[in-house]
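What follows is a set of notes on a single structure, which appears directly below.
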Amino acid sequence: MRYIKGNVVAYCDRCPNKHNTGLKVFQQAVDLLSRAEGWESVEHEGKWENYCPRCSDARVFDSVFDRTGVGFTKIGDNDWD
């Protein structure tokens with residue numbers, strides 16, 4: 001996730017999909033994405049991977065990836081495009 005022009009934007013780790021939350025507060029954006037927008041975040045090898053609803057539905061769960069949780073990563077406060 002990044003701040004773009006002051007808003008939190010999520011990027012899918014599987015496809016080029018992104019979602020501008022329109023929110024400026026990181027935790028509010030995480031709550032919106034995971035609860036209302038259907039995004040999924042999965043920890044894999046110590047790193048959180050984010051999936052849009054389409055990729056989340058298409059993802060095949062196996063023993064390595066079958067983990068659940070929400071833990072979006074914040075990229076620098078001054079990361080503006």
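These numbers come from a predicted model, not from an experiment.
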What distance do [X] atom [atom1] and [Y] atom [atom2] have between them, rounded to the nearest 0.5 Å?
X	Y	atom1	atom2	result
Tyr11	Arg2	OH	CZ	5.5 Å
Lys5	Lys24	NZ	NZ	11.5 Å
Glu49	Cys55	CD	SG	11.5 Å

CA sep, side-chain torsions, deciding dist, call: Trp39, Cys52, side-chain contact (heavy atoms from CB on, under 4.5 Å): CA-CA 5 Å; Trp39 281 66; Cys52 69; 3.8 Å; yes

Members besides Leu23 in its Ile/Leu/Val/Met/Phe/Trp/Tyr cluster (side-chain heavy atoms under 4.5 Å): Leu32

Student check: side-chain heavy atoms of Thr21 and Glu37 closer than 4.5 Å: no

Val8 side chain reached by Tyr3 side chain, heavy atoms, under 4.5 Å: yes

Over all atoms of both residues, closest heavy-atom pair of Ser56 and Glu40: OG-OE1, 2.6 Å

For Lys18, all residues meeting side chain to side chain donor-acceptor pair (under 3.5 Å), sequence neighbours excluded: none

Counterpart residues, side chain to side chain donor-acceptor pair (under 3.5 Å), relative to Gln27 (two or more places apart): Asp31

Side-chain (Asp13) to main-chain (Asn50) donor-acceptor, under 3.5 angstrom: yes

Side chain to side chain contact (heavy atoms under 4.5 Å, CB included) partners of Asn20, counting only residues at least two apart: Asn7, Val9

